[in-house]
Every structure is written in structure tokens, then in C-alpha cells.
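Below is one structure, written out as C-alpha cells; the observations come after it.
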Amino acid sequence: MGEKCRVAFLRLYFGGANLLVLDEPTNYLDIDTQEVMENVLKQASGALVLVSHDRMLTKSLANRLCDLETGGTATLFEGGVSDWEQSTKLREVALETRESDDERLRLEMRLSELLSPVSTAGKDSLTQPEHSNERAVEAAEIREIQQRLKQLKDKGASIN
């Protein structure tokens, strides 16, 4: 199979085409041949459409990407693989930061509800024994919220 791929590639390359469409061109080729193919494709004068799982080849040749995802979604990206990876990482960090900020705000709101002064009528009723269990539960929830807020703060500090 590798010999047929080499011959087909040579025919395409020397055929004078302005556009090469290659589907997994490095399959069945040894490493030396892959490197030669990569160098030849770098020097090609026409356009190249490359479908490949070979990250090294794609990193070396691509200057625009079309990422096909499950479900038929296609995302176009102007830039190489390194740029795309960096952009993806930045998006993930931004999403994680946003989710963390949302959680922090929810926790702070709940903490303020738990710590807010109870009305005078409510204070009198909370001194009765049946409400001591409720107060213990609230105290435990306050401790949990404070602990989670500290974790979020530490996590935010490590990201920055």
C-alpha cells in the first residue's frame, strides 16, 4: 500500500495541479518518506487541502484549520495548529474562570442570607430548643460555604 501511495503522490505533485487534496497522505508511509513528503509539500506552489490525524504534518503545513466535530459541526480557524491550541486553551480558562466566578457569587449570596440579622420576632423564636438544630445546620452550611470560597480563591490565585 505504501508504494501505491508514493506513486500516487508523485503523480499528483508533478501533474502541475493548482490544488492538492490529500486524505491521510502519510498513512502507510515510513518516517523517512513522511519527512520527504512534508518538505515537498512545504515547497508546493498551489493550494493544499489536507485531511489528517498526523499532528506533526498538520502543524508543519497548516495555516488555516477546519475542525470537524461530532454531530457535523465545523469550526473554521485562521491560523496554524499552535495558534488553535492556544486559542482553545484560553477559551477553556475563560469558561472555567466564569463558572468559578458564578459559583463564588452564588456562595457569597447564600452566605449573606445565612449571616443576615434575623428580625426581632425571629430572634425570640430561635432561642427556643426546637430551633437549636436548625441553627447548627446553618452553622455547618456557613463553614462549608467559607471552605468552598477559600478553595475558589486559592484556585483563582493559581490560574493567575
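Quick note: numbers below take in every heavy atom, side chains included, and nothing from hydrogens, waters or symmetry partners.
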> Cut-off 3.5 Å, side chains only: do Gln146 and Arg143 have a donor facing an acceptor?
Replying inline: no
> Between CD of Glu144 and CG of Leu107, what distance do you get to the nearest 0.5 Å?
Replying inline: 10.5 Å
> How long is the gap from CG on Leu22 to OG on Ser52, to the nearest 0.5 Å?
Replying inline: 9.5 Å
> Given the rule in the salt bridge (charged side-chain N to carboxylate O under 4.0 Å, His left out) test, do Arg104 and Glu108 qualify, once you have shown the distances and angles that lead to the verdict?
Replying inline: CA-CA 6 Å; Arg104 183 184 51 78; Glu108 287 174 350; 3.2 Å; yes
> Partners of Arg106 by side chain to side chain donor-acceptor pair (under 3.5 Å), sequence neighbours excluded?
Replying inline: none
> Who passes side chain to side chain contact (heavy atoms under 4.5 Å, CB included) against Glu38, sequence neighbours left out?
Replying inline: Lys42, Leu57, Ser60
> Could you give the distance from CE (Met56) to NZ (Lys59), rounded to the nearest 0.5 Å?
Replying inline: 6.5 Å
> Given a cutoff of under 4.5 Å between side-chain heavy atoms of I, L, V, M, F, W and Y, with clusters grown through shared members, what are the other residues clustered with Leu105?
Replying inline: none
> Measuring from Leu149:CG to Glu103:CD, what's the distance to the nearest 0.5 Å?
Replying inline: 8.0 Å
>> Using the rule given for side-chain contact (heavy atoms from CB on, under 4.5 Å), can you reason through Lys153 versus Arg148, listing the C-alpha separation, both sets of side-chain angles and the distance that settles it, and then say yes or no?
In response: CA-CA 9 Å; Lys153 181 180 176 185; Arg148 182 61 183 143; over 6 Å; no
>> So if I apply the side chain to side chain contact (heavy atoms under 4.5 Å, CB included) rule between Val7 and each of Glu3, Lys4, Arg11, which one comes out positive?
In response: Arg11
> With sequence neighbours left out, what residues match Glu113 under side chain to side chain contact (heavy atoms under 4.5 Å, CB included)?
Replying inline: Met109, Arg110
>> Working note: Val21 + Leu19, criterion side-chain contact (heavy atoms from CB on, under 4.5 Å); need CA distance, chi angles, decisive distance, verdict.
In response: CA-CA 6 Å; Val21 180; Leu19 172 67; 4.0 Å; yes
> Do Leu41 and Asn39 have side-chain heavy atoms sitting under 4.5 Å apart?
Replying inline: no
>> A side-chain contact here means heavy atoms from C-beta on lying under 4.5 Å apart; do Asp67 and Thr73 qualify?
In response: no
> Roughly how far, to the nearest 0.5 Å, is CD1 of Ile145 from CG of Leu114?
Replying inline: 5.0 Å
>> Nearest 0.5 Å, please: how far is CG in Leu111 from OG in Ser116?
In response: 10.0 Å
> Is it the case that one hydrophobic cluster holds both Leu48 and Val51, taking links as side-chain heavy atoms less than 4.5 Å apart, direct or via other members?
Replying inline: no
> Is Leu68 reachable from Leu61 through a run of I, L, V, M, F, W or Y residues, each pair having side-chain heavy atoms under 4.5 Å apart?
Replying inline: no
Donor-acceptor pairs are to be reported for all side-chain atoms of residues 29-36 against protein atoms at under 3.5 Å, with residues two or more places apart or in another chain.
| from | atom 1 | to | atom 2 | distance (Å) |
| --- | --- | --- | --- | --- |
| Asp30 | OD1 | Asp32 | N | 3.1 |
| Asp30 | OD1 | Thr33 | N | 3.0 |
| Asp30 | OD1 | Thr33 | OG1 | 3.2 |
| Asp30 | OD2 | Arg6 | NH2 | 2.3 |
| Asp30 | OD2 | Thr33 | OG1 | 2.9 |
| Thr33 | OG1 | Arg6 | NE | 3.3 |
| Thr33 | OG1 | Arg6 | NH2 | 3.1 |
| Gln34 | NE2 | Thr26 | O | 3.3 |
| Gln34 | NE2 | Leu29 | O | 2.9 |

>> Is the shortest side-chain heavy-atom distance between Thr75 and Glu69 below 4.5 Å?
In response: yes
> Got a sec: does the CD of Glu24 have more than 12 other heavy atoms crowding it under 6.0 Å?
Replying inline: yes
> Remaining members of Trp84's ILVMFWY cluster at a side-chain heavy-atom cut-off under 4.5 Å?
Replying inline: Leu65, Phe77, Val81
> Are Val137 and Leu115 linked, directly or through other ILVMFWY residues, by side chains that come within less than 4.5 angstrom of each other?
Replying inline: no
